[in-house]
Each structure stands twice: as structure tokens, then as C-alpha cells.
Amino acid sequence: MKLSKLLTATLREAPADAEIISHKLMLRAGMIRQLASGIYTWLPLGYRTLKKVEAIIREEMNSANAQEILMPAIQPAELWRESKRWDQYGPELLRVNDRHEREFCFGPTHEEVITDLVRREVRSYKQLPIILYQIQTKFRDEIRPRFGIMRSREFLMKDAYSFHMNDESLQETYEKMYATYSKIFTRLGLKFRAVIADSGNIGGDKSHEFHVLAESGEDQIVFSKNGDYAASLERAKADLGEKDASALECARGIEVGHIFQLGTKYSSSMKTNCLDEHGKSITLTMGCYGIGVSRIVAAAIEQNHDEKGIVWPTSIAPFQLALIPVNMHKSIRLRDAVISLYDELSNNNVDVLLNDRNERPGVMFSDMELIGIPHRFVFSEKGLDAGEIEYKARQDDENQNIQIKKAITFIKEKIKNN
RNA sequence: CGGGGCGUGGCGCAGUCUGGUAGCGCACCUGCAUGGGGUGUAGGUGGUCGGAGGUUCAAAUCCUCUCGCCCCGACCA
């Protein structure tokens, strides 16, 4: 990608609306723009990162044998009445009427729809257990949306649901999802912790939250020094009492994932049964597993930034490598060298961003650092004389010169090891 | 919803108290110079001041209503 063609404009000053660092940086880097309170457009740069997060989640869910589907965002009121949540959910549920005055809502979650699907489609224990998931836009009419994409009303969520003949099977899948989530957050390059949690509104028995660790996190989590216990603060107080507090450490986290064992909450109210091997009808037991896909982008920035801007983990950076030519608009030889490497990198599937605008070096450096691209090559006349370009990692202070002809191998190695 | 604050070119702000017909910095466009850390210089594009109504010779500024946005609290991926 050439920067001159990318729809983006970096800002020196953050809009006054932005309070937390991730929101400020996302606006300054040109990743998102607000349309209304808690509702945002993803610009090309931000959307690249969002899609990378999505892709990692999808890959890991698929390799856990979850099957991807896509459910409607708009859901009929009848299903929600059946689960009793139409009245329970309150004003957070965005309700709309169609032209026939039939009632619908914009789905904040999909237990009703998935349960309805499964009760229609699944007939036999032979089809179970099953894990279905989707990555989709949700809407929750939050009392107070805030902090940009961190707590928006419209957001992208990965929601998965599992169905089982018995609790043992549910437990097994729950553990598999726990492991899958750990893999996902590890691949995303984030420092995180899983904690025992209360199951909240969704209902059910057992649940864990996954928190990205960040000073600015809204949630306080507590874990034992020997590492065998971790819980949300509320839960820890309830479980342990005051006296054990000395053995605990605190940290702040941003909740980006939550897994639940729902049991039969929805399957019984919505009559979701299936025949077992004796031909007996059994009420299915359920699990559900959510990840705040868009929130991860903000959380990643909260955890990874410095005074210059974002410091992306390589796995979710919008681009892997920035090319910065000094004085390209005056030196044909330099331009040829840059373009030639740019083309070669593109052919080698390196996500490369060429800073081809006629700017002073300082401006180019600052922009690439604000955007947080993990690796950069700088081209200069004197470097070309020696057949070299300069390499620097976003997170490091030192430069190093490398031979142009080795650039491709060099950068592929860097990206792989990061 | 309760409490606090704010709406003036894309962004940050001044002007509002004390009405006189909109200004600064950044960004953007053009020229010249510059070319390794947000360069200099000259010129230029862009806003009727959230919206509606009212007062007045005259309203960004005063009055009424209204819409939107942000922050603190209860909820959540």
C-alpha cells in the first residue's frame, strides 16, 4: 500500500472528546471516526487491524472444531418472549418495529436465535456435541457508551455456543474453549489473565473472564502469588473473605472474553431436546463463549503504546513494515530502489506501507510511529552508495544497517520471530 | 436516569460577560527554497458560529425552546 493512496489523515492533536489513550491514538492515527455516540466507522487502517484480530480468532475457533455460521442481526420479539428476556432485558435492548408493526430487536447476543436453530436442526445425540460461532456486529444500547471503541454501543463480537447431551460433555468443551481462548490471546501478542467470574445477566453456573492487562483497565482482578487462583475483585471478596487478602496481588484488566456454562437455562425454556442412544428425549445443556473483537483493538493499544504512539504486536499491526525514503522526490535512483523493493516485498506477501508522500523525514518518522508499524526501512542516498538500508523496530531504540539484497529475507525473519 | 461540562472551517482553540456582521494555530492546495526527527517563506481554498423561534436598526454574542456530544455513577464483550 502506498500511503498517498490510503484514506487517512494523522492528527497532531486528539479531538477533545477522547479521554483514554487508545481512543486518542485511534483517532490521531486515522483508524476510526465517530458517527454517533458509541457508533464508529472503521477507516482502512483500523479495519486492517480489526480484520487481523478476526482472522486469528477464526483460525483458532476452526481448529477447535467450531463451525462458523452467520445469524441475523435483527431478531423477532417472539423468541425473546419465549426465553422471558423480552421483558427482562430492559432499555439496553434496541427494539424496532417493521412496517407491519411487528416487533424486533437488534441482537445484543444470540442465545435465542442459536437455540431456535439447534432445536430445529439437531435431532440425534450423534450430532452432538456441537460448537457454532459467528463474528458479527452486535448492538447494546449502553446506558453510557464511553472510551471510543472500548465501550461502544455497536461493536464486533465473536459469539460461540455449544450444545451437549450432558454436563460432562459441556465441561469438556468448556475446557477446550478455555484453552482456545488462551491460544487466541497469546497469538494476538497480548498479556492477559483468565479469572473466575460471576456469570452476570446471561445466566448459568460457571464462568471465566479473559482480561487484557492494562493500567487503564476498568476492572480490577485479583490473583494469588503462587498463581493457582485468579478472580474478579467482587468474586474474590465473596470467595475468600477479608483474611486471605495478604496473599493476593491486584492488577487492572480490560475484559475481552467471557466463557459461560449456561446449563439448561435456554434449552429448557425453549424446549431444546434431542434423542439419546436409548431413544429418550433429553434437554440439551449449553455453553456460550464471547470475545469482544473490536474491544481487543482498543485493549491492545492500552497495553502497547508509548509517548510516540501505538506499538502494535506484529500479529495485528495494520502493516508489518514501513518504507521511508528520504528525498525520494528528488532522487530518481532512490525512488527506483524503493519502488523495486516495495514491489518485491508485495510479491512476497509482506504487508508493506510505502511512505511516498513528499514530506520531510521527521514527518514520515512521526506518522509511522504514531500508526505503530512494527518494522521500518529507511532509504537514503548515502545508504544506497553502500548498497544498504537502515532497519529499526518500533519497540527498539537502535538502528542497524542491512544490505538491500538481503532485505526480504531479513524482514521475513523479523516478522516470523515477533 | 442523576450530577458536571461543551457545541464557532477536517482537528485544537479565541471571540460570547460589555451585540456592530468571524479570527488564530495545525491540516489541506500552489510556487520557491530545504531534505535524517513534525523545515522556512509567499500566496490560497474552506465556516455564518448545532437547529428553530424571538428581541433589536443590527445577534456567534441577549431571551425561549430544541437537538447533539463528552466526563463522573449504576450495566456490560
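A quick note: this is a predicted structure, and the numbers were derived from the prediction, not measured. Proteins get letters first, then strands, A, B, ... in listed order; numbering begins at 1 in each.
The separation between A:Lys24 atom NZ and B:rC11 atom C1' is 14 Å, rounded to whole Å. In this structure, A:Ile20 places its CD1 atom 13 Å from C1' of B:rC71, rounding to the nearest Å. A:Phe106 places its CZ atom 15 Å from the C1' atom of B:rA77, with the value rounded to the nearest Å. The distance between atom NZ of A:Lys138 and atom P of B:rA77, rounded to the nearest whole Å, is 12 Å. In this structure, A:Ile291 atom CD1 and B:rC76 atom C1' are separated by 16 Å, rounded to whole Å. One can place CZ of A:Arg140 at 6 Å from C1' of B:rA77, the figure rounded to the nearest angstrom. Note: CG (A:Leu3) to P (B:rC28) measures 11 Å, nearest angstrom. Atom P of nucleotide B:rG68 and atom CD1 of A:Ile39 are separated by 12 Å, given to the nearest angstrom.
The residue A:Glu92 sits close only to the backbone: its heavy atoms come under 4.0 Å of sugar-phosphate atoms, none of a base. Heavy atoms of A:Ala36 sit under 4.0 angstrom from primed sugar atoms or phosphate atoms, though from no base atom. A:Gly290 comes within 4.0 angstrom of nothing in the nucleic acid, heavy atoms only. Counting any heavy atom pair closer than 4.0 Å across all strands shown, A:Phe147 reaches sugar-phosphate atoms only and no base atom. Nucleic acid contact for A:Lys158: none, since no nucleic acid atom lies under 4.0 Å from a heavy atom of the residue. Nucleic acid contact class of A:Pro145 (heavy atoms, under 4.0 Å, all strands): sugar-phosphate only. Within the 4.0 angstrom heavy-atom criterion, base atoms lie near A:Ser152. A:Asn327 comes within 4.0 angstrom of a nucleotide base, judged by non-hydrogen atoms across all strands. When heavy atoms are screened at a 4.0 angstrom cut-off, A:Ala14 is found touching the sugar-phosphate backbone but no base atom. Nucleic acid contact class of A:Glu142 (heavy atoms, under 4.0 Å, all strands): base.
Here B:rA42 sits opposite B:rU30 as a Watson-Crick or G-U wobble pair (both hydrogen-bonding atom distances under 3.5 Å). Remark: B:rG7 base-pairs with B:rC67; criterion is Watson-Crick or G-U wobble with both hydrogen-bond distances under 3.5 Å. The pairing partner recorded for B:rU55 is none, the criterion being a Watson-Crick or G-U wobble arrangement whose two distances lie under 3.5 angstrom. Across the strands present, B:rG23 finds its partner in B:rC13; the criterion is a Watson-Crick or G-U wobble pair with both atom distances under 3.5 angstrom. B:rG2 and B:rC72 make up a base pair, with Watson-Crick or G-U wobble contacts both under 3.5 Å. Across every strand in view, B:rG47 sits unpaired, with no contact that passes the Watson-Crick or G-U test at under 3.5 angstrom. Across the strands present, B:rA77 finds no partner; the criterion is a Watson-Crick or G-U wobble pair with both atom distances under 3.5 angstrom. The partner of B:rG35 cannot be assigned: no Watson-Crick or G-U wobble pair with both contacts below 3.5 Å exists in any strand.
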Task: Protein proximity profile, nucleotides 36-43 of chain B - base contact B, sugar-phosphate-only contact S, no contact -, cut-off 4.0 Å on heavy atoms - done: BBBB----

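Taking the C1' atom of each, B:rC71 and B:rC29 are spaced 38 Å apart, rounded to whole Å. Here, B:rU41 and B:rG7 have their P atoms 32 Å apart, quoted to the whole Å. Separating the P atom of B:rG23 from that of B:rG15 is a span of 16 Å, rounded to the nearest Å. Rounded to whole Å, the separation between the P atoms of B:rC57 and B:rC11 comes to 37 Å. Taking the C1' atoms as reference points, B:rG50 lies 15 Å from B:rC70, given to the whole Å. B:rU16 sits 42 Å from B:rC32 when the C1' atoms are compared, rounded to a whole Å. Here the separation of B:rA42 from B:rG47, taken at their C1' atoms, is 24 Å to the nearest Å. Taking atom P on both B:rA74 and B:rG37, the two are 49 Å apart, rounded to the nearest angstrom.
Heavy-atom nearest nucleotides on RNA chain B were determined for A:Asp17 and for A:Val256, and the one closer to the 5' end corresponds to A:Asp17. If A:Glu255 and A:Leu35 are placed on RNA chain B by their nearest nucleotide, the residue sitting closer to the 5' end is A:Leu35.
Looking at A:Tyr266 and A:Arg85, their side chains do bring a donor and an acceptor atom within 3.5 Å of each other. Residues A:Glu60 and A:Thr180 have side chains that never bring a donor and an acceptor to within less than 3.5 angstrom of each other.
Comparing B:rU34, B:rC13, B:rC76 against the side chain of A:Lys330 picks out B:rU34 as the nearest. When distances are taken from the side chain of A:Glu13 to each of B:rC69, B:rC11, B:rC28, the shortest belongs to B:rC11. Ranking B:rA77, B:rC28, B:rC75 by closeness to the A:Ser294 side chain, first place goes to B:rA77. With distances taken from any side-chain atom of A:Ile143 to the nucleotides B:rU34, B:rA74, B:rG12, the minimum falls on B:rA74. Among B:rC69, B:rG35, B:rC71, the nucleotide with an atom closest to any side-chain atom of A:Arg144 is B:rC71.
One donor-acceptor pair, N or O on each side, does fall under 3.5 Å between the base of B:rC76 and the side chain of A:Arg151. Side-chain atoms of A:Asn358 come within donor-acceptor range of the base of B:rG35, with a qualifying N/O pair under 3.5 Å.
Remark: the backbone N or O of A:Tyr289 is paired with a side-chain donor or acceptor of A:Tyr181 at under 3.5 angstrom.
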- [ ] Under the salt bridge (Lys or Arg N to Asp or Glu O under 4.0 Å) rule, what do A:Lys158 and A:Glu54 come out as? Steps first, then yes or no, please.
- [x] CA-CA 8 Å; A:Lys158 187 283 297 175; A:Glu54 201 182 315; over 6 Å; no

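Taking side-chain N and O atoms only, A:Gln34 has no distance below 4.0 Å to OP1 or OP2 of B:rG68.
For A:Phe185 and A:Phe210, the distance between ring centers is under 6.0 angstrom.
A cation-pi arrangement is present between A:Arg376 and A:Phe365 under the rule of less than 6.0 angstrom and at most 45 degrees off the ring axis. Note that A:Arg295 lies outside the cation-pi zone of A:Phe155, set by a 6.0 Å cut-off to the ring centre and a 45° limit from the axis.
A 6.0 Å sphere centred on CD1 of A:Ile332 holds no more than 12 heavy atoms belonging to other residues, nucleotides or ligands.
A 4.5 Å side-chain heavy-atom check between A:Leu128 and A:His164 finds every atom pair outside the cut-off. Under the 4.5 Å side-chain criterion, counting only non-hydrogen atoms from C-beta, A:Ile310 is in contact with A:Met31.
Interatomic distance, A:Leu345 CG to A:Ile411 CD1, rounded to the nearest 0.5 Å: 8.0 Å.
Evaluation of the ring pair (Phe, Tyr, Trp, His ring centres under 6.0 Å) test over residues 43-76 of chain A, restricted to residues two or more places apart or in two chains, returns none.
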